[in-house]
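Numbered from 1 within each chain, the chains take letters A, B, ... in sequence-line order.
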Amino acid sequence: MGSPVVEAVGVSKRYGEVIALDGVSLEVMEGEVFGLLGPNGAGKTTLMEILVGLRRPDSGKVRVAGRDPTREPVGDVVAFVPQETMLYGDLTVEENLEFIASLYSMDEERFEVAVREIAEALSISDIMGRRFGKLSGGLKRRVSLAASLLTDPIVVIMDEPTVGLDPDARRDFWEVILDMKGRGRTVILSTHYMEEADELCDRVAVMDAGRVVEVGDPDDLKRRFGGRSKVVVRVRMRDEARALEVLSGWGGRLTPDGIVMEAEDPERMVPEVISTLNSAGIGSEAVQIRSPTLEDVFMNLTGKSLREAVA
Amino acid sequence: MRPETGILKKDVKEFLRSKSTVFWTLAFPIMMMLFFGSIFGGGGEKAIPVAVVDLDGTNLSRSYASAMNSTGVVRLIPFSDQEEARAAAREGRDGISGLLIIPAGFQANLTSGRRAAVGFYVREGDATIKQMLTSFAAEFTLRFGEEFSRRAVEIAVSHMPENLSSGGWTMSREEAARWLEFMMRPVEAKVALLSKPEVTAEAESYWENPGHWISAMISYSYLFSGMVTSTALLAGEKEGGTLKRIRLSTASVWSVLAGKLLSALAILTLSQVVLVAAAAAFSGADVNWDPLMIPMVLAGDAASIGIGMAVAEASSNQRAASEAVVVVAIMLQFVSGLYFPIQFLPEPLRTAAELLPFAKSVEIMDAILLGGATLAEVAPGAALLAVTAAVSMAAAAALFGRWARVD
């Protein structure tokens, strides 16, 4: 891993009475994919907008690619891919890109080379003449990313890049992000999808209520804060109450995924659970072993479920 | 490409591709011009075509037809064949709604003290036109008869002695002439509807000059292409989140302001060219295209763009700002003398309207285009327009930095 390309030290920001960021400090290394994991309102977007110079912190210091975004523009070295696509529906894809290029006083020759390369990399060459407003959500995200990459930035900051995309489009987008990493770009992305952070990020900062609770690589976080593996049992709804009763010895609790029990030795526990259920005349629909996830990490660190916090 | 050029190009493309914006800035004013123009007769064909067959073919029959034609109420279309004329009127061919037949002997009767008759036939059809032609034929014939009698009296009196004496009673020639005219029309009724506002000479000239529509369309462009579009140009960026994208770039706040001003001016000028061309074609008026118009139009442009931008910049809720400015523009178009004279407004509103810069603009444009006014003559109104332009532009520039902040 290289040297820090993004640094935040003691960054705080309030909106009236609401504390959006409360002394956030973190470092993002050159060439890594860094995830900000947390529910809505955790302060992820505010932190990213401070990093790109859209907002000023009330206190604390920020440096991005060697510049202080509160004092000088960083638009040429840092790209921000916002949650909303922030382009013009009545213009074609090419016209949108041409407009964004004009905001950086890009000459025609440089623009054409950049557009050709980016369009190819993001597979949008064949939609350049289409109206932006008529594109699907996945294509809009790609074009929005293309617009952000026109200036060949060092750092790409993406706010919830896959929200609202279907699973296929999300997977496609993940490939695009990994491709950027492959090209040596530093990527910071916010997400509340645990599997996204798990799949893409070299390191993750767990954020809650404006604070960074913990930073580390996903596997390390799961090992340290994920707790024990779990056995998850799904039974028919009408059997749930009785199943909970017979599995109470293992500390079973009902969740949206089924009845969850912590396990020291899950491989040994599964046949015992099935046998107990069968003896009670309860058929199990599914029994699975679940390793610790970032959801468990979040739960253990904040006392809240990430999914509940997002909802 | 520089940011200013990029913003200009993008905004103009967006304007031309937005059907609703093009409707409100170009199609709607033309529709209003046609609507009010047809109501108030601001131009185009307003005389009702009437077929005429002059079977007398004398000086007096020709005078009768010519006098009727010159009223502007009817446009006489001569026919030589009575049957063909009757068929044309019955079928409403070429819009012909009536038939006038001047019989042979018209002049001979009039000059020999006998009553002369004309035939005026009105086509069954449009009730309003039928009513208008019927009343007009009666009124015109009465007036023509009066005029003929007045001249006959003049001629008769000129042949009288200075004083007429009879049984110790003497009457001068002038007194005799007065008595004869009095006997022709002893009582005259002046009929007017109380509800109708008093039409001043100024108001009459307003509608008599179809060239007024050129001034009206320029002022309309200030309200919609100027004020409303300028507000929308800024509000749209904030509402759509695209302002963030712009602020993320290396373009300075001043480049963005310059780009937005250029966009607003380009869209306004484009709409003015279209609307003025439409108004000139519609009115067919021969107006005074004085170069003095250019600074006046530019002052109005600056005032309207400045107001529109300042409204957007001062508003925290951009959607509300856009909606509010549309409502204000709609109200202003009816109190700024675009479609009817300010004199028609009720008193308190009229006083307020006279102070409106865009009402002054209509006044100035009318004075230059229709009256050939000089700068000195339009100076007070022009000064108000210039002050409005300066103040609103200064406000727009001062508030722009605040508006452009995302924080």
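For chain B, the nearby part of Asp107(A) is the backbone; its heavy atoms alone come within less than 4.5 Å. Only the side chain of Phe99(A) comes within contact range of chain B, judged by heavy atoms closer than 4.5 Å. At a 4.5 Å heavy-atom cutoff, Glu4(B) makes no contact with chain A through either its backbone or its side chain. Both the backbone and the side chain of Ser148(A) come within less than 4.5 Å of a heavy atom of chain B.
Two residues are said to be in side-chain contact when any heavy atoms from C-beta on lie closer than 4.5 Å; Lys13(B) and Asp90(A) fail this criterion. Looking at heavy atoms from C-beta onward, Ile246(B) lies in side-chain contact with Leu103(A) at the 4.5 angstrom threshold.
The pair Arg17(B)-Glu95(A) counts as a salt bridge, with a side-chain nitrogen and a carboxylate oxygen less than 4.0 angstrom apart. Salt bridge status for Glu98(A) with Lys10(B): absent, with no side-chain N to carboxylate O gap under 4.0 Å.
Remark: Arg211(A) CZ is loosely packed, at most 12 non-hydrogen atoms of other residues, nucleotides or ligands lying under 6.0 Å away. The local environment of CD in Glu72(A) is crowded, with over 12 non-hydrogen atoms from other residues, nucleotides or ligands closer than 6.0 Å. The number of heavy-atom neighbours closer than 6.0 Å to CH2 of Trp289(B), taken from other residues, nucleotides and ligands shown, is above 12.
Taking both residues in full, the closest heavy atoms of Pro82(A) and Arg245(B) are given as CD-NH2, 4.3 Å, listed atom of the first, atom of the second, then distance.
Interface remark: of the candidates Pro3(B), Ser252(B), Gly240(B), Pro3(B) forms the most heavy-atom pairs closer than 4.5 Å to chain A. For chain A, the option among Ser18(B), Ser249(B), Ser255(B), Ala251(B) with the highest count of heavy-atom pairs below 4.5 Å is Ser249(B). Listed options Asp76(A), Val78(A), Leu91(A), Val52(A) were ranked by heavy-atom pairs under 4.5 angstrom with chain B; first place goes to Leu91(A). By number of non-hydrogen pairs under 4.5 angstrom with chain B, the leading residue of Gly75(A), Ser105(A), Ala147(A) is Ser105(A).
The distance from the CG atom of Leu54(A) to the CG atom of Leu248(B) is 4.0 Å, given to the nearest 0.5 Å. Rounded to the nearest 0.5 Å, atoms CZ (Arg55(A)) and NZ (Lys244(B)) are 5.5 Å apart.
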**OP:** Take Thr242(B) and Leu87(A) through the test side chain to side chain contact (heavy atoms under 4.5 Å, CB included) and record every step on the way to the result.
**Re:** CA-CA 6 Å; Thr242(B) 44; Leu87(A) 289 169; 5.5 Å; no
